[in-house]
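Residue numbering restarts at 1 for every chain, and letters A, B, ... go by the order of the sequence lines.
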There are 2 protein chains.
Amino acid sequence: MTTLSAIDPERKVRRATMNDVARLAGVSIKTVSRVVNDEAGVHPATADRVLAAIDQLGFRRNLSARNLRRGSSTGTVGLVLEDVGNPFYSGVTRAVEEVSRLRGRQVITGSSDEDPARERELALEFCSRRVDGLLIVPAGVQHAYLVPEMRAGTPVVFLDRPAGDVVADTVLVDNVGGTAEAVRHLASFGHRRIAFLGDAPDIYTAGERLRGFREGCVRAGVRFDESLVAMGPHDAGSVRAALHRLTTAAEPATAVVTGNNRITVHALRALAGSVARPALVGFDDFELADLLSPPVTVLAHDASALGRAAAELLHARLDGDASPPRRVVLPVRLVARGSGEARP
Amino acid sequence: MTTLSAIDPERKVRRATMNDVARLAGVSIKTVSRVVNDEAGVHPATADRVLAAIDQLGFRRNLSARNLRRGSSTGTVGLVLEDVGNPFYSGVTRAVEEVSRLRGRQVITGSSDEDPARERELALEFCSRRVDGLLIVPAGVQHAYLVPEMRAGTPVVFLDRPAGDVVADTVLVDNVGGTAEAVRHLASFGHRRIAFLGDAPDIYTAGERLRGFREGCVRAGVRFDESLVAMGPHDAGSVRAALHRLTTAAEPATAVVTGNNRITVHALRALAGSVARPALVGFDDFELADLLSPPVTVLAHDASALGRAAAELLHARLDGDASPPRRVVLPVRLVARGSGEARP
DNA sequence: TCGATCGCGGACAACGTTGTCATAGTCCGC
DNA sequence: GCGGACTATGACAACGTTGTCCGCGATCGA
């Protein structure tokens, strides 16, 4: 095994083009193209010469040029989400990558950090790169900026949250049904003072989950108390403060529904060590929830399923599916593990 | 707010080009180019006409063509790792994205699933797309295939594991030192029968951590016992089986060092509920480790730091840094939380 | 033996953009 | 009124690739 030097003094070597290969092999550039593309009609001996030249020069065809010339697919898909670092979205990313790979496409990702301007910037940048399609977890509610792109034939699928003002394929999870189920579950154990701790209400999922919470209260015959709702806290400190307020009020909450995985984790950390812990059901499943004590009852839904469904929808569009836009709602399952089963 | 139709009957609209814009605005294509690129020397009135035409046609310049023509940067970076879905790597991805964004580059990712062929395929595919640089978590040990690319000026930075047979920038964590420290820690609490549960030994990090384990034993005056080493198990079942074997042997292990986050999690799940749990120190930190009971002592290192260091090294190369290849080793910190502090 | 066919290879244009250079018009000072 | 400097714009080629079409020699069928 020889160890090869990485950074050569002879740095500024121009990349070999088909022209260079053709010259070295003593054929025309078109013949090189034929060899590279496995086209028929090249004499084996000629092909060998060409392949040798390709090898010698380290030639690698320029996909930009190819795509430009062919005017067809660039073999890429753009994925705009909130944060690739969040385990939930990284699960989505992985699934999207998986599906796309099977369809011969690469994934370009970008994190919007809940900033609508950044979402737009990323999506349009991807369009400039002529991605074949876009998968977007919307940060904002205005998506008219995508209309020219969609009209130009770039299919767009929204996931996790719907678009504000365009009609397009959308894959969601059952936020309302899930949260309502959490309330029903807690009420069935006798809880009457149930709090909801959610993210900023202008985030679609947060709003929907609050709606589900409200509906769940109505259905379970539990009084919906505005003062038991805290929308917005999503970092450790604010979650801790909100939780403190909710559990030390005059009529304190005996149970809490947390609106997403991050809030759940912050809440668990805030509650660790406290004596009288409220019962808790968290939206989003997370690793090790089963190993905590008490194990955490969650509203589970599958990040992979979400990514897979969205990517498959997108690829169906790319394969020519021109049916009306679809809205897919994936189920949410309550996984009872213990934290939601304590009596008040 | 008007709701706009997504999939039009008038689908097959060709994307507008600068030519179309030029025709509509009644100027030459070059003038459009000037407006799009904010070049000086265009009459404001002309520029307005052009901008109006751009807006009307939904023109968005084709970056493929631009990059082809300019022959310069494509503004992309390729990231090949094992699995974007793994929280550790998604942290890396996020950091890489962050750094790249500040430098004006997009990230294309691909998961190799520990398959060297797939790693190679992905890396070369990225090269065909003319990424400005490559970040690779090697799956295999042969990287000679990258030499032509590196010679052609594509900088490559390896992260988390070194390359097999090329000299290039590399960012690693202190695997040996970390694991040795774990052994020292356990030994200081009186453990003499310490087991190591690692991934397949042909994975670099697994091998290094085993080496660190061995060194740690020597230094701590603990007998290194081959029979207390299990290399390879990395799914729930095999980890459970290995753990069972190690803790029920004639001279059972009283403490275990687990070789990465997945193995740690499987081990914790296998040990949950068992009465006499061995002390445990896991390589890689993970969310909620502090909330388990007992809280899990880990060898922590920062995924973000790893990604950031690698991405910054890469961008330094892209900015012309031609110094000899560097090897950066990031520290590993033992975070004592409880699971490693039980006496035998 | 002659025309038809086939296998192989090449010349050329085009994809959408930008760098270079040219040109027509305007304005200034002397 | 004229040279020169400057402004605004355009014509053209080129980036690296592939599709179209054409040519040349060999082989084949009648």
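In this model, the phosphate group of dG9(C) is approached by a side-chain N or O of T46(A) to a distance below 4.0 Å at OP1 or OP2. Remark: R61(B) is not in phosphate contact with dT17(C), judged by side-chain N or O atoms under 4.0 Å from OP1 or OP2. Note on S33(B): a side-chain N or O is less than 4.0 Å away from OP1 or OP2 of dT18(C).
When the nucleotides dG16(C), dT9(D), dT17(C) are ranked by their closest atom to the side chain of H43(B), dT9(D) comes out on top. Closest to the side chain of I29(A), out of dT17(C), dG16(D), dT17(D), is dT17(D). The nucleotide whose nearest atom lies closest to any side-chain atom of S28(A) is, among dG10(C), dG16(C), dT18(C), dG10(C). The side chain of T17(B) lies closest to dG16(C) when the candidates are dT18(C), dG16(C), dG19(D). Which of dT17(D), dG19(D), dG10(D) sits closest to the side chain of E39(A) comes down to dG19(D).
Between N19(B) and T17(B), the side chains place no donor N or O within less than 3.5 Å of an acceptor N or O (distance only, hydrogens not considered). When only modelled atom types and interatomic distance are considered, T74(B) and N67(B) share no side-chain donor-acceptor pair under 3.5 Å.
Counting to the nearest Å, the P atom of dT9(D) and the CE atom of M18(B) are 16 Å from each other. Taking atom NZ of residue K30(A) and atom C1' of nucleotide dC22(D), one finds them 13 Å apart after rounding to whole Å. A straight line from CG of L63(B) to P of dC15(D) spans 20 Å, rounded to a whole angstrom. Rounded to whole Å, atom P of dT17(D) lies 10 Å from atom CZ of R15(A). Taking atom CZ on R129(B) and atom C1' on dG16(D), their separation rounds to 16 Å, with Å as the unit. Rounding to whole angstrom units, CZ of residue R130(A) and P of dC15(C) are separated by 14 Å. Rounded to an integer number of Å, the gap from D38(B) CG to dT17(C) C1' is 16 Å. Here dG16(D) presents its P atom at 16 Å from CZ of R60(A), a figure rounded to the nearest Å.
Residue S64(A) is out of contact with every strand shown, counting any heavy-atom pair closer than 4.0 Å. N37(A) comes within 4.0 angstrom of sugar-phosphate atoms only, judged by non-hydrogen atoms across all strands, and of no base. Base contact: G41(B) has a heavy atom under 4.0 Å from a base atom. At the heavy-atom level, V27(B) lies under 4.0 Å from the strands shown only through sugar-phosphate atoms.
If T31(B) and R70(B) are placed on DNA chain D by their nearest nucleotide, the residue sitting closer to the 5' end is T31(B). Comparing P44(B) and L68(B) against DNA chain D, the residue whose closest nucleotide sits nearer the 5' end is P44(B).
Below the 3.5 angstrom threshold, one finds a donor paired with an acceptor across the side chain of R69(B) and the base of dT18(C). Evaluation of atom-type donor-acceptor distances gives a pair under 3.5 Å for the side chain of R34(B) against the base of dG10(D).
Remark: R161(A) engages E114(A) in a salt bridge, criterion side-chain N to carboxylate O under 4.0 Å. Of the charged side-chain nitrogens involved, none lies within less than 4.0 Å of a carboxylate oxygen, so that D113(A) and R118(A) do not count as a salt-bridged pair.
Residues S73(A) and R105(A) are in side-chain contact: their nearest non-hydrogen atoms beyond the backbone lie under 4.5 Å apart.
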Practice item. Could you please spell out the steps behind the salt bridge (Lys or Arg N to Asp or Glu O under 4.0 Å) verdict for E149(A) and R15(B)? Key: CA-CA 9 Å; E149(A) 312 305 326; R15(B) 250 179 196 290; 2.8 Å; yes
